[in-house]
Each structure stands twice: as C-alpha cells, then as structure tokens.
Enquirer: 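Encoded as structure tokens, here's the structure I'll be asking about.
Letters A, B, ... are given to chains in the order of the sequence lines, protein chains preceding strands, and every chain is numbered from 1. Remember, it's a predicted structure, so these values are computed and weren't measured experimentally.
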Number of protein chains: 2
Amino acid sequence: MQNKVSLPVIKRLPKYYRYLSDMHKNGVVKVSSSELAKIMGTTASQVRQDFNCFGGFGQQGIGYHVDVLLREITNLLFSEKKLDTILIGTGRLGRAISGYLTAEAKGYQLIAAFDKNPEEIGRQLSGVDILDIADLESFCKEHHPEVAVLCIPRQSAQELAPSLVALGIKGYWNFSHYDLSVVYDGITVENVHLGDSLISLGYRVRNN
Amino acid sequence: MQNKVSLPVIKRLPKYYRYLSDMHKNGVVKVSSSELAKIMGTTASQVRQDFNCFGGFGQQGIGYHVDVLLREITNLLFSEKKLDTILIGTGRLGRAISGYLTAEAKGYQLIAAFDKNPEEIGRQLSGVDILDIADLESFCKEHHPEVAVLCIPRQSAQELAPSLVALGIKGYWNFSHYDLSVVYDGITVENVHLGDSLISLGYRVRNN
DNA sequence: TAGATTGTTAATCGATTAACAATC
DNA sequence: TAGATTGTTAATCGATTAACAATC
C-alpha cells in the first residue's frame, strides 16, 4: 500500500529496528502491534500505520513475524554501500564524534578529517588523516564524499556551507548551530544541537 | 495572553535566543516577525504565535524591540540558580560531554561523575571526582543533584533508572538508548540518540 | 492620514488515534 | 466456530498558516 514514509515515521524506524533486533536475539518469533506499542511508548494504531507505510506484512489474527519485520526494516534503513564521510572540525567534540562514527556507526565510512589549525593538520584521527581545510575542494573533487559531519562553530559553518553544497555533499550531520536546511534545498540535514537541547531541558526541569 | 508554551515552542526558544543575542550584539534595535521568520526558516505567523505564548510585547506597526524580547526570553530560559548535575558514564562520549557541559553550557553545575570501572574511579574529570557508581545513593542523599547526564549503554541505563528516579532526579540528558520517559512519569527527559540520528540521516540521504 | 506590523481568531494541514470489517 | 489481530478508513487532535481588525 506504500503510503509516504513521513519524517516522524523515519524518526521512529531506528527505534523499531533496535527493539526488533533485541527480540530477534532473544528468540522471540512473533509480536503484536500492541506489544510493540507498549515498549515504544506509543499506540498499537500508530505501529500498524507505520508498518503499512512500507508494505503490510503482518498476519491478521496472528501479529507480525519478528524476522520478517526486522529484515524489511533493515533493508529499508541500511545498504551494502557505506556512505563516504568527512569530518570537519577536530576539536573536542569532533574527536569524540569521529570515534563514535568509526566505532559504533554502521553504514558510514570516515575517509578524511579537516581542520584549519596547523597544529592539527597532518595528525591522524580515528584512522584517517587530518587535512588542511584549504584542501577541501581538491579532496572532494577527487573522492566525492556524500556526508559531512560538522563539528565547527556557527560562523565557520556558515562560511563553509556554500562550498560544501556546491561540492555535491548531500548529507549533513550538523553539530554546529548554523542550520543549513533553512538556506539550501535538496540536501538532508540531521541537526544535533547540544546547546539547544540543554537549554530546553533546563526550561522544562524548572517549569514542570 | 499566556497561552500554553507547547513543546514545539520550547524547542524553538533557544533558536530565537541565539538569533536575538546576535542582533543585540550587532546593535540591531528592532525586528519584525517576518524578518525573524526568514532567518529562522519559519513563517511570520508562527513567530507571532510563539511570542504571544509568553505575553505580547511587540508594537503594532513597529515590530519587536530586540532588547525587550531578548530579556524576556532570557528570563524564561535561564535562572540565577544553576542546576546541580551528575554525569554517569565516563567513557569517550561521557568525557566529551562533560567537557561540553562545563565549558560551554550556561545554567548547569557539574558536581560529580560516576563510573563502575575501578580504573576510572578516583580520577578527575572536568574538575570533579569520578566516584564509584555504588556510592550513587549516598551521594545523592547528601547533595540532591537535579539533573543526570546518562552516557552509558542501554542495559545499564535501564538498570540504573529506578534508583535515579527514586533518588529524586528530575531531569535527564539522555545519550543512552533507553528511553526513561516511556516508563517514568513526572520527569523531564531530553534524548540525544546519536545512533538513531545517524540511521535516519542515512535513510534520507539514500532516499531523497 | 497612509503604511506597516502586531495580536488574535479562523482555516488548514498533517499526524495521531479510534473504529471496524476482513481474515488468520 | 470464536478469539485475536491486522489493514485501512474515518474521527480527532494539535500545530501551523492565513486572514484581518486593531493600532502604532
């Protein structure tokens, strides 16, 4: 029936994937929408709607086969081909994130890091070279990275964004406070605004 | 007129705060809802609705005074009193996040870190002691932290959650993949699921 | 006064939830 | 067959956007 997979659904998919992986590991064979809903903190209706977005493969009266569902979601979320990725900014956050990316993230291949600080350039980070940001253009023209991880201040991100977009980078894991998606079309931006997240937490802790 | 400040509004407040701070620094005196909307990537309607949630202080025909607006939002988001905060998990991510929290985050005071690894216990991190997680209860009963930063695996978070909640910790900056808000009421959880974020980015890069 | 822009109500849109026939 | 649970349509809900009178 293939409804459109809306953004809220996409955001829930990794969570389904995680819980279904667990069940699969623990030998659970079937699961109902209401069981999943309870673990996920949502409703059975939503679970069924979500799964119907990418094709119904439950069995009426029975539920869903964990392995079928897991296979479908895995196919949807992951691909054989890893996304070539560059890291921009090798400060404290950049270093931590590069470690996370290489150690824990499926589907991404870090191929280079960039910084403007001469002390950083030439060193290694998570198994790749730290290059001069001035060489970004020549590097991209040769290696065509698909994703950039931005661990730089807002000002730098704003300055760099036009080149990055022009060089054909389509996906951005954005830790800077400059939101590219406001300005550029046709790119995919996943924002992780740690500062905003903390501010909003503080507000809610104080006012709840 | 004080409408309810809904979650989407709260999530936008830090962004308003950031842009208004900038304008204030640059000597901009007044701003209209449509100017702000353009920078924020939203509509003038939404900007006006948002500001009316916490009391209208624009001037019809004129716009908003940057300093008035900034002062109001600052009052709303920040407080004299910092939130006493503990960090749980001093692995790579925990170390990076503790640095971020102490160096860049207003409004939070890190008062201790916890780990279960004997090699970590007794060392220092971002100016605080790393304590044995076994001492969590006695520490909390003495110091009453308000916020916990969870940089531990899902399993550990799930095991620890009942104690944390019972010890009265109200706010959670949650980097683990265990979502406390599904299970516990009356707490505030700000989830930062880096893994999910990457998976969803990958999906969208491939399918856009 | 005329132009601009707010505050606020009404309309629209999209996502979530409820309901129920189909069917295992 | 009876009970359970899906797939799917309809109803609800909440957030966003549009519209416009009020007013600077």
Enquirer: Touch check for B/S45, heavy atoms < 4.0 angstrom, all strands: base, sugar-phosphate only, or nothing?
Expert: base
Enquirer: Among residues at least two apart in sequence or on other chains, which ones pass ring-ring contact (aromatic ring centres under 6.0 Å, His included) with A/Y184?
Expert: none
Enquirer: When the distance from CZ of A/F57 to C1' of D/dT5 is rounded to whole Å, what number comes out?
Expert: 16 Å
Enquirer: Ring-plane angle category for A/F57 and A/F54, please: parallel below 30°, perpendicular beyond 60°, tilted otherwise.
Expert: tilted
Enquirer: Nearest-Å distance, CZ (A/R48) to P (D/dT9)?
Expert: 14 Å
Enquirer: Please name all residues satisfying ring-ring contact (aromatic ring centres under 6.0 Å, His included) with B/F139, sequence neighbours left out, ordered by chain then number.
Expert: B/F114, B/H143
Enquirer: Can you find a heavy atom in the side chain of A/L150 that is under 4.5 Å from one in the side chain of A/L164?
Expert: yes
Enquirer: For C/dT16, does either OP1 or OP2 sit under 4.0 Å from a side-chain N or O belonging to A/T43?
Expert: no
Enquirer: Dump every N/O contact between nucleotides 21-24 of chain D and the protein below 3.5 Å, one line per pair.
Expert:
| residue | atom | partner | partner atom | Å |
| --- | --- | --- | --- | --- |
| D/dA22 | N3 | B/Q60 | NE2 | 3.3 |
| D/dT23 | O4' | B/Q60 | OE1 | 2.7 |
| D/dC24 | O4' | B/Q60 | O | 3.0 |

Enquirer: Which residue pairs pass the side-chain hydrogen bond (donor to acceptor under 3.5 Å, both in side chains) test when at least one of the two sits in residues 61-77 of chain B, sequence neighbours left out?
Expert: B/Q59-B/H65
Enquirer: Before we go on, tell me: are the rings of B/F51 and B/Y16 under 6.0 Å apart, centre to centre?
Expert: yes
Enquirer: Atom CG of B/D50 and atom P of C/dT6: how far apart are they, to the nearest Å?
Expert: 13 Å
Enquirer: Could you tell me how far apart A/F54 (CZ) and D/dT8 (P) are, to the nearest whole angstrom?
Expert: 14 Å
Enquirer: Taking any heavy-atom pair under 4.0 Å as a contact, classify B/F51: base, sugar-phosphate, or nothing.
Expert: nothing
Enquirer: What is the distance, rounded to the nearest whole Å, between atom CD of B/E72 and atom P of C/dT6?
Expert: 16 Å
Enquirer: Walk me through whether A/E190 and B/S200 qualify under side chain to side chain donor-acceptor pair (under 3.5 Å).
Expert: CA-CA 8 Å; A/E190 181 73 24; B/S200 129; 3.2 Å; yes
Enquirer: Record whether the side chain of A/Q49 comes under 3.5 Å of the base of D/dT8 through a donor-acceptor pair of N or O atoms.
Expert: no
Enquirer: Among residues 12-39 of chain B, which contact DNA chain D at a heavy-atom distance under 4.0 Å?
Expert: B/R12
Enquirer: DNA chain C in dot-bracket, Watson-Crick or G-U pairs under 3.5 Å, [ ] crossing, | other strand?
Expert: ..||||||||||||||||||||||
Enquirer: May I ask you to evaluate whether A/Y64 reaches the phosphate of D/dG7, defined as a side-chain N or O under 4.0 Å from OP1 or OP2?
Expert: yes
Enquirer: In whole angstrom, give the distance that lies between atom CG of A/N52 and atom C1' of C/dT16.
Expert: 15 Å
